[in-house]
Amino acid sequence: MRIAIPMSGNCLEQHFGRCEKFVMVDVAPGTKDVGTVTETPAPEHQPGLLPPWLRDHDVTLVLAGGMGARARSLLQEASIEVITGAPSEDAATLVRRYLNGALTTIERTCDHVCNH
């Protein structure tokens with residue numbers, strides 16, 4: 001499984017389409033062992049570009065803060081699972097929370113303060 005987290009600086013970017021980069025984390029599905037972690041600059045923002053771009057990077061899950069309905073729908077059409085409402089934290093913390101079952105989709109207003 002490959003998890004993508006939209007980041008600005010060292011924190012989750014609450015506006016999915018406006019992130020500086022994506023942290024991509026490879027996780028072994030059976031053992032939940034974290035493998036390779038890479039940072040990839042986000043492409044220039046264009047409506048509808050991110051879902052195929054993420055699919056081309058073999059992403060299967062996006063952990064996000066805020067995301068519009070169209071982006072969520074396009075990601076799901078690309079067979080990418082989406083969890084929204086994640087807090088502004090660093091990528092390692094968010095992945096740990098997800099793997100421990102502590103992240104589920106919730107409606108969340110934007111939170112621009114990084115906790116780390």
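None of the values given here were measured: they were computed from a predicted structure.
Hydrophobic clustering (ILVMFWY, side-chain heavy atoms < 4.5 Å, transitive): Leu50 and Met24 are in one cluster. Cluster membership for Leu61 and Val25, using ILVMFWY side-chain heavy atoms within less than 4.5 angstrom, is shared. No continuous path of ILVMFWY side-chain contacts below 4.5 Å connects Leu74 to Ile80, so the two sit in separate hydrophobic clusters. A continuous path of hydrophobic side-chain contacts links Trp53 to Val59 [ILVMFWY only; heavy atoms under 4.5 Å]. Following chains of ILVMFWY side-chain contacts shorter than 4.5 Å, one can reach Leu94 starting from Met1, so the two form part of one hydrophobic cluster.
Within the 4.5 Å cutoff, the side chain of Leu75 has heavy atoms near those of the Met67 side chain. Residues Ser88 and Gln14 have side chains in contact (heavy-atom distance under 4.5 Å, counting atoms from C-beta outward).
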Quiz: residues 26-36 side-chain donor-acceptor pairs under 3.5 angstrom, not counting sequence neighbours:
| unit_1 | atom_1 | unit_2 | atom_2 | d |
| --- | --- | --- | --- | --- |
| Asp26 | OD1 | Arg2 | NE | 2.7 |
| Asp26 | OD1 | Arg2 | NH2 | 3.2 |
| Asp26 | OD2 | Arg2 | NH2 | 3.0 |
| Thr31 | OG1 | Asp33 | N | 3.2 |
| Thr31 | OG1 | Asp33 | OD2 | 3.1 |
| Lys32 | NZ | Leu99 | O | 3.0 |

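There is no side-chain donor-acceptor pair under 3.5 Å between Glu81 and Thr60. For Ser73 and Arg70, the side-chain atoms include no donor-acceptor pair closer than 3.5 Å.
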Exercise for review: Check the pair Lys21, Met7 against side chain to side chain contact (heavy atoms under 4.5 Å, CB included), reporting the backbone distance first and the verdict last.
Suggested key: CA-CA 5 Å; Lys21 62 188 174 188; Met7 306 285 290; 3.9 Å; yes
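Classification of the Phe22-Phe16 ring pair by plane angle, with boundaries at 30° and 60°, yields perpendicular.
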